[in-house]
Amino acid sequence: YAFETSSFPLAIKPQFNNGSPGWHQHERFYEIVLIVSGEAVHIYEHKRYTLKPQEILVIPPGMYHSYEKCAFDYYNILVDFSELKLPLFDLPRMAEFQNLFLLAPRSHQSKTGEALRNFLDVEQFSQGIKLLKHMYDLQTRREEGYQLAMVAAFTKFLQLICRAGESPDFKEKSPNSQPH
């Protein structure tokens with residue numbers, strides 16, 4: 001259900017007025033979520049917290065999660081990095097990538113148990129929405145070369161969201177904070 005074609009492991013799924021998909025996990029792919037508007041309670045493992053607009057979160061393969069009190073709109077970006085074979089080069093060594101993809105999803109295991117949160121500032125959020133709309137348009141139209149164009153836009157999106165975690169101590173950033 002995640003990918004429209006089995007040979008292309010990248011998908012954009014706008015989720016507007018859809019409610020919760022229920023308690024679930026993903027076998028082999030990451031779910032990157034950008035909250036557009038509204039609020040919902042995110043439940044993962046044994047933690048609960050309210051998602052806010054401009055928040056970006058990553059759910060790794062195998063992590064069960066759900067949403068409650070859903071009155072929110074969001075974009076789902078589904079990606080199987082091993083199948084996409086996208087060279088990330090030095091990106092995984094960046095502290096921001098580590099925060100989004102490794103530390104924040106497992107923050108429930110920390111001593112404090114506080115969820116690490118990441119927000120895009122106003123400019124990043126605007127750029128992110130434009131990239132996601134472009135990717136969705138490419139995916140919908142399926143013109144020759146759309147997969148390469150989607151990967152190019154996804155690479156830009158990855159760079160953008162990794163700037164959301166620039167705080168050196170990985171504390172929650174307010175949605176209106178400016179990049180450092």
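In terms of the side-chain contact (heavy atoms from CB on, under 4.5 Å) criterion, residue partners of K69 (sequence neighbours excluded) are, by chain and number, V41. For R48, the salt bridge (charged side-chain N to carboxylate O under 4.0 Å, His left out) partners two or more places apart in sequence, or in a different chain, are E68. Residues that satisfy the salt bridge (charged side-chain N to carboxylate O under 4.0 Å, His left out) test with E27, not counting sequence neighbours, are absent from this structure. With sequence neighbours excluded, no residue forms a side chain to side chain donor-acceptor pair (under 3.5 Å) with E114. For the salt bridge (charged side-chain N to carboxylate O under 4.0 Å, His left out) test, residues two or more places apart in sequence or in another chain that qualify with R142 are E4. Under the rule for a ring-ring contact (aromatic ring centres under 6.0 Å, His included), the partners of Y30 that lie at least two apart in sequence or sit in another chain are F81, F101. In this structure R141 satisfies the salt bridge (charged side-chain N to carboxylate O under 4.0 Å, His left out) test together with D137, E143, sequence neighbours excluded. Partners of T140 by side-chain contact (heavy atoms from CB on, under 4.5 Å), not counting sequence neighbours, listed by chain and number: Y136.
Using a 4.5 Å heavy-atom threshold, the side chains of L158 and L86 count as touching. Two residues are said to be in side-chain contact when any heavy atoms from C-beta on lie closer than 4.5 Å; P60 and H26 fail this criterion. Counting heavy atoms from C-beta on, the side chains of F154 and M150 never come closer than 4.5 Å. When side chains are defined from C-beta on, F157 counts as touching I32, because their heavy atoms get closer than 4.5 Å. A heavy-atom distance below 4.5 Å is not found between the side chains of Q25 and H65. Counting heavy atoms from C-beta on, the side chains of H24 and E31 come closer than 4.5 Å. Under the 4.5 Å side-chain criterion, counting only non-hydrogen atoms from C-beta, Y75 is not in contact with K13. At least one side-chain heavy atom of W23 sits less than 4.5 Å from a side-chain heavy atom of I43.
Rounding to the nearest 0.5 Å gives a distance of 5.5 Å between SG of C162 and CG of L100. In this structure, Q147 CD and L10 CG are separated by 9.0 Å, a value rounded to the nearest 0.5 Å. The line from CZ of R93 to CG of L88 is 11.0 Å long, rounded to the nearest 0.5 Å.
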Go through the steps to decide whether N76 and I12 satisfy the test side chain to side chain contact (heavy atoms under 4.5 Å, CB included), and finish with yes or no. CA-CA 6 Å; N76 263 353; I12 306 303; over 6 Å; no
task: Determine, stepwise, if the pair L132 / I77 fulfils side chain to side chain contact (heavy atoms under 4.5 Å, CB included).
output: CA-CA 8 Å; L132 293 173; I77 303 94; 3.5 Å; yes
- Task: Give the C-alpha distance, both sets of side-chain angles, the deciding distance and a yes or no for side chain to side chain contact (heavy atoms under 4.5 Å, CB included) between Q54 and V122.
- Result: CA-CA 8 Å; Q54 296 176 233; V122 174; 4.2 Å; yes
Requested in this report: Mind running side chain to side chain contact (heavy atoms under 4.5 Å, CB included) on F125 and L34 for me, showing each step along the way?
Outcome: CA-CA 9 Å; F125 181 71; L34 178 59; 4.1 Å; yes
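For residues 125-135, the side chain to side chain donor-acceptor pair (under 3.5 Å) pairs, not counting sequence neighbours, are E123-Q127. Note on residues 70-86: no pairs pass salt bridge (charged side-chain N to carboxylate O under 4.0 Å, His left out), not counting sequence neighbours. Listed by first then second residue, pairs satisfying salt bridge (charged side-chain N to carboxylate O under 4.0 Å, His left out) with a partner in residues 55-66 read E55-R117, not counting sequence neighbours.
Considering every non-hydrogen atom in both C70 and A40, the closest pair reads CA-CB, 4.1 Å. Across L84 and V79, no two heavy atoms sit closer than the pair CD2-CG2, 3.8 Å. When all heavy atoms of S66 and S20 are compared, the pair lying nearest together is OG-OG, 3.5 Å. The two atoms that bring A153 and L131 nearest to each other are O-CD2, 4.1 Å, heavy atoms only. When all heavy atoms of E39 and T50 are compared, the closest pair comes out as OE1-CG2, 3.7 Å. Of all the heavy atoms in F97 and L91, the pair that sits closest is CB-O, 3.2 Å.
Using modelled atom types and a 3.5 Å distance limit, the side chains of N99 and E96 yield no donor-acceptor pair.
Hydrophobic cluster membership of Y74, counting Ile, Leu, Val, Met, Phe, Trp and Tyr whose side-chain heavy atoms lie under 4.5 Å apart directly or via other members: V33, I35, Y44, Y49, L51, L57, I59, M63, Y67, F72.
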